[in-house]
Amino acid sequence: MKGEDDVNTARKDEEAEGSAGEKLLGFNSTEEQPSGPRGQDSMWRNEKYETVPLDVKGIDEDNSKGTTDSLYPQTALRKAQQGSDRPKDAKLSPYFQDGLRRIDYVLTYHVQKPQSTHKQSSKSCLCCRRNRKNPPAHEDPELAAQEQRLDYHEDDQRLRREEFEENLREMGLEMEREEGTKIPGVGFLKIHAPWEVLCREAEFMKLKMPTIKKYEVSQGSSIVEKVNTFMQKVTAPLQPKVGENRMENEKHLSYPFSREKQHLFDLSDRNSFFDSKTRSSIVYEILKRTKCTRAKYIMGISSLLGSGIYTEAYPVHDGDIDGVNAETNDRKILYEEWASYSIFYKYQPIGLIRKYFGEKVGLYFAWLGVYTQMLIPAAIVGVIVFLYGCATVDDNIPSMEVCDERNNITMCPMCDRACSYWKLVTACGTARASHLFDNAATVFFAIFMALWATMFMEHWKRRQMRLNYVWDLTSFEDAESQPRAEYEFHVMKKSLKKEQPPKAGNVKLTCTDRMPAYMTIIVMMVFLICVTLAIVFGVVLYRVSIMTALHMSSIPTVRTNIRATVKTTAAIINLIIIIIMDEVYGAIARWLTVMEVPKTDKSFEERLIFKTFVLKFANAFTPIVYLAFFRGRIIGRPGKYIYVMGSYRMEECAHAGCLMELCIQLCITMLGKQLIQNNLFEIGVPKIKKLLRQRKIDKKHQEELNKTLHRHEKDHFLGPFVGLNPEYMEMIIQFGMVTLFVASFPLAPLFALLNNVIEIRLDAKKFVTELRRPIAVRAKDIGIWYTLLRGLSKVAVIVNAFVISFTSDFIPRLVYQYMYSPDGTLHGFVNHTLSYFNVSHFQPGTEPLQPMHLGYKVEVCRYKDYRDPPWSDTPYQFSREFWAILAARLAFVIVFQNVVMLMSDFVDWLIPDIPKDISVQIHKERNLVVELFMKAERGKKYRNTIGDPSPQPLRSRPSSQA
């Protein structure tokens with residue numbers, strides 16, 4: 001070709017003139033041979049680097065507006081073979097301009113100059129370079145040098161692209177280029193994988209494909225089959241109108257694809273044998289293996305994207321979802337039967353989701369669906385527990401005693417100086433509200449939720465195994481991933497430091513190499529957790545100071561609602577801080593993981609998930625842990641309070657305990673995170689980003705462009721897919737809210753259920769309409785997320801045991817009723833929990849400013865604690881009742897934890913991980929595969945015998961088989 005001759009000529013000229021262009025581009029050439037085969041490592045230093053010619057800028061520009069048969073020798077033959085196929089409309093469907101070849105993948109790149117000026121500038125580039133020592137007098141030398149460097153950079157990027165694309169052609173892919181046709185400054189490289197390439201890669205990747213053999217899927221025993229049929233009829237209105245959800249009695253036997261055994265596979269329709277999801281994943285595997293070797297360092301697709309040679313890489317969606325001319329496709333079906341709020345009550349089309357987005361995305365939505373379904377019984381029981389508290393509030397003796405004005409109990413001041421004495425009857429509302437969440441049913445609900453978490457985990461394992469069978473993933477194992485580009489870059493730098501160049505593949509990063517990163521990670525993680533604790537302490541100081549300020553207010557309305565005002569505002573401040581710090585911690589966790597330089601993408605993802613989970617979990621639950629276990633425990637007593645920072649007295653709980661404030665904090669945090677962070681951010685942020693991307697185009701031409709843009713051009717304006725980690729993370733935090741402190745907030749499962757019903761459709765709409773299509777990734781489980789869920793369910797048992805025994809008044813009520821009550825009831829319980837204090841024992845400067853606030857002189861006030869009275873031999877020391885209740889609390893924690901753990905383990909053992917019918921079907925499949933191959937071998941021998949009737953020589957058996 002003429003373009004290639006120009007390239008060779010330019011290279012000879014460049015070599016004759018010296019290395020001036022090399023120095024300007026920052027590259028060095030060498031004559032040493034590479035140590036390994038070409039493209040073995042994607043970031044090894046390339047010893048055969050060829051300098052960038054500066055006068056070949058116009059290569060292949062005549063073909064930029066479309067593909068010609070001269071660039072693709074197989075095109076004419078394929079067009080002849082596909083002459084009977086009806087061409088597709090390239091505007092409506094993701095096809096090449098010929099309407100026959102499907103677009104399997106798209107690479108975009110930056111186009112700096114219009115096509116009309118490319119050739120002129122490239123032709124004059126060499127002359128300008130040769131005469132750069134004598135620039136025109138009127139030209140600024142600095143501007144000229146800057147423009148020259150930009151041209152060099154643009155030429156270098158274009159040549160890297162051309163080399164990479166040529167290597168893709170050698171791999172068998174076909175390409176079509178579009179530059180600056182409708183979207184200014186953006187070039188598109190459309191990639192198509194022919195049938196031969198698909199077959200070759202499917203065999204390499206060991207993809208299981210359907211064979212011609214079908215077998216009957218048994219539903220188990222006749223009783224089970226009748227139950228399944230009945231349930232299918234009952235739930236028919238809840239099923240989406242998608243073919244993949246219908247229960248079929250027959251299933252294709254699947255087997256890893258082999259080109260030699262194509263006769264065993266169902267190739268009745270070659271166009272649909274490899275669906276669009278599989279085609280794009282095959283092309284992506286080829287892109288990952290293909291290397292660009294003429295640069296200073298060998299570069300893969302990740303390095304090309306990171307260096308800006310290509311700007312975006314994505315598979316295209318199947319078609320449009322709306323419009324008069326929109327053809328029926330999987331995306332449109334998903335939009336109508338899944339991504340709609342009006343069908344929130346229906347099941348998800350998990351089979352179609354997996355077919356379109358891949359197994360990894362399908363497993364996420366299947367897990368989210370199972371989690372949401374399991375929240376229904378938990379929400380019902382939680383509502384019943386709450387209604388029980390509402391029904392028994394009028395019969396609760398402790399709250400009745402608090403609200404009884406005849407008791408005339410005078411309480412000690414809640415703060416120094418500004419606060420005065422107050423009547424216990426003023427806490428009547430708080431005492432009645434606390435009973436809604438602190439009653440006998442709370443213990444039952446905590447046990448129920450512990451067993452519920454175990455049932456949920458077991459149900460998901462069985463559901464996951466069933467999906468593995470249906471999706472032919474029972475024998476799938478993750479292949480060892482290729483090293484990441486960043487890892488290979490660090491390995492390359494390490495090898496360059498050695499005196500003797502090592503063989504390729506022998507160098508790797510050790511713990512010693514990563515030790516600075518490990519130390520930085522440990523220090524940063526500890527520092528960030530300390531920052532979280534400091535934030536919580538700051539909110540505590542806010543509550544203390546604002547309460548003192550409100551007590552000093554002269555407005556009666558403010559003074560009557562002090563506690564409610566402080567609780568609500570502090571909870572809202574905590575929520576805002578949690579939302580802000582979540583984003584900060586997520587960015588820091590990614591930065592720390594990049595610093596660690598994991599070898600593979602899987603290792604990178606797991607390390608990132610762990611760091612992010614630790615930081616976000618601490619951020620969300622530290623304020624709740626403080627309220628549950630520390631507030632009101634380290635305050636001291638009247639006359640000897642504990643102070644922080646000199647004058648701030650530690651805050652104490654209300655008379656009814658801190659459970660009500662814990663409930664308020666959980667409610668506001670849970671609702672706020674779900675409403676603001678999970679929903680509004682997921683709706684608003686993608687729309688804002690989409691508007692910012694579309695602002696680059698003139699508004700007048702926006703509507704016209706939308707009508708004329710092709711599918712791959714429309715996908716360019718969609719948001720990039722960033723992975724499933726944010727989706728999983730918000731659900732894991734929610735699972736912690738539901739299980740860890742459910743004893744204090746029985747309505748948490750209900751709020752989680754309502755949120756998840758919206759979350760499923762919101763995520764569906766985002767995946768179908770707002771995001772580019774993700775790469776289909778095969779996976780047979782949800783990975784490290786299952787381990788985190790399992791750990792949270794175990795920790796939840798311990799946390800709820802401590803909440804019941806130490807945060808609520810459940811244990812003190814039991815101890816009083818069975819040890820100290822004269823009549824075996826709770827009459828007198830409130831008086832039993834209050835200790836006496838002589839007001840003359842106040843420390844100087846801490847007594848109330850208005851001691852006559854109640855209208856009479858107070859000599860003895862009461863405070864909530866178990867201490868001896870001032871007239872005893874051991875004044876203000878912990879009483880015997882305190883130690884008895886503490887022993888009962890610790891005993892309850894031990895008994896509750898062991899009993900519930902034992903029950904959970906029993907349920908885990910009782911329910912098998914693999915359903916019996918699935919186990920039978922897997923065994924049946926293995927036998928059918930052997931039978932199919934034996935039948936094929938017999939048929940092959942018979943055909944050979946018919947074709948060659950000459951007698952075959954007998955082969956003697958080996959001695960070991962005789």
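A quick note: this is a predicted structure, and the numbers were derived from the prediction, not measured.
- At distances below 3.5 Å, at least one donor-acceptor pair connects side-chain atoms of N800 with backbone N or O atoms of A743.
- Geometric assessment of R862 against the ring of F837 yields a negative cation-pi assignment under the 6.0 Å and 45° thresholds.
- A distance-only check finds no donor-acceptor pair linking the side chain of D908 to the backbone of S904 [under 3.5 Å].
- Residue M524 holds its CE atom at 12.0 Å from NZ of K611, rounded to the nearest 0.5 Å.
- No donor-acceptor distance shorter than 3.5 angstrom exists from the side chain of D809 to the backbone of D438, with no hydrogens or angles considered.
- Atom CZ of residue F745 and atom CG of residue L662 lie 10.0 Å apart, to the nearest 0.5 angstrom.
- Between the side chain of S805 and the backbone N or O of V893, no donor-acceptor pair lies under 3.5 Å.
- A distance of 11.5 Å separates CE in M411 from NZ in K423, rounded to the nearest 0.5 Å.
- Using a distance-only test at 3.5 Å, with no hydrogens or angles considered, no donor-acceptor pair links the side chain of W367 to the main chain of Q464.
- Residues F617 and L792 form a side-chain contact, since some pair of their non-hydrogen atoms from C-beta on lies under 4.5 Å apart.
- A donor-acceptor pair under 3.5 Å links the side-chain atoms of Q817 to the main chain of G824, judged by distance alone.
- With rounding to the nearest 0.5 angstrom, the CD1 atom of I535 is 9.5 Å from the OG1 atom of T622.
- Considering all non-hydrogen atoms of both residues, A446 and F896 come closest at CB-CZ, 4.0 Å.
- Contact of the F386 side chain with the L436 side chain is registered, since non-hydrogen atoms from C-beta on lie closer than 4.5 Å.
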Inset, instruction - Take W452 and L375 through the test side-chain contact (heavy atoms from CB on, under 4.5 Å) and record every step on the way to the result. - result: CA-CA 9 Å; W452 172 88; L375 281 173; 3.9 Å; yes
Inset, instruction - Before giving the answer on side-chain contact (heavy atoms from CB on, under 4.5 Å), spell out for W460 and L789 the whole-Å C-alpha distance, their side-chain angles and the decisive distance to 0.1 Å. - result: CA-CA 11 Å; W460 167 243; L789 286 169; over 6 Å; no
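- A search for ring-ring contact (aromatic ring centres under 6.0 Å, His included) contacts involving F806 returns F802, not counting sequence neighbours.
- Summarising the geometry of R867 relative to G636, their closest heavy-atom pair is NH2-O, 4.3 Å, with the distance given to 0.1 Å.
- Using a distance-only test at 3.5 Å, with no hydrogens or angles considered, no donor-acceptor pair links the side chain of N574 to the main chain of T669.
- With contacts defined as side-chain heavy-atom distances shorter than 4.5 Å, the pair L788/I609 qualifies.
- Here the side chains of M400 and V830 are not in contact, with every heavy-atom distance at 4.5 Å or above.
- Using a 3.5 Å distance cut-off with no hydrogens or angles, the side chains of Q665 and Y626 do not pair a donor with an acceptor.
- Checked by atom type, the side-chain pair R432/N396 shows no donor-acceptor distance below 3.5 Å.
- Looking only at side-chain heavy atoms (C-beta outward), V738 and M449 come within less than 4.5 Å of each other.
- The structure places CG of L627 at 8.5 Å from CG of L666, a figure rounded to the nearest 0.5 Å.
- For the pair S744 and F437, the tightest heavy-atom approach, listed with the atom from each and the gap, is O-CB, 3.8 Å.
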Inset, instruction - Please test Y816 against T833 for side-chain hydrogen bond (donor to acceptor under 3.5 Å, both in side chains), starting from the C-alpha separation and ending with a verdict. - result: CA-CA 9 Å; Y816 174 79; T833 60; over 6 Å; no
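- Around atom CH2 of W871, more than 12 heavy atoms belonging to other residues, nucleotides or ligands sit under 6.0 Å away.
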Inset, instruction - Please step through side-chain contact (heavy atoms from CB on, under 4.5 Å) for the pair M455 and I911, ending with a clear verdict. - result: CA-CA 9 Å; M455 291 288 292; I911 302 175; 3.7 Å; yes
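- Around CE of M903, the count of heavy atoms belonging to other residues, nucleotides or ligands within 6.0 Å does not exceed 12.
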Inset, instruction - Take I733 and D582, measure what side-chain contact (heavy atoms from CB on, under 4.5 Å) needs, and give me the verdict at the end. - result: CA-CA 11 Å; I733 297 297; D582 262 358; over 6 Å; no
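- The closest side-chain heavy-atom distance from I384 to Y388 is not below 4.5 Å.
- At most 12 heavy atoms of other shown residues, nucleotides or ligands fall within 6.0 angstrom of atom CZ in F630.
- A donor-acceptor contact shorter than 3.5 Å is absent between the side chain of W422 and the backbone of T410.
- A donor-acceptor pair is defined here as one N or O able to donate and one able to accept, closer than 3.5 Å; no such pair exists between the side chain of T532 and the backbone of A618.
- Pairs engaging residues 635-644 under the side-chain hydrogen bond (donor to acceptor under 3.5 Å, both in side chains) rule: D416-Y643 [sequence neighbours left out].
- Heavy atoms from other residues, nucleotides or ligands lying under 6.0 Å from OH of Y786 number more than 12.
- What you find for D823 and H827 is that their closest heavy atoms are OD2-CD2, 4.1 Å.
- Checked by atom type, the side-chain pair D868/T874 shows a donor-acceptor distance below 3.5 Å.
- Between I732 and W785, the closest heavy-atom pair is CG1-CE3, 3.6 Å.
- The environment of Y818 atom OH is sparse: at most 12 non-hydrogen atoms of other residues, nucleotides or ligands sit within 6.0 angstrom.
- A distance of 7.5 Å separates SG of C419 from CE of M547, quoted to the nearest 0.5 Å.
- Formation of a donor-acceptor pair under 3.5 Å by the R462 side chain with backbone atoms of P912 is found in this model.
- P398 approaches R813 most closely through the heavy-atom pair CG-CD, 4.3 Å.
- A heavy-atom distance below 4.5 Å is found between the side chains of P749 and F445.
- With a 4.5 Å cut-off on side-chain heavy atoms, E881 and P812 do not count as touching.
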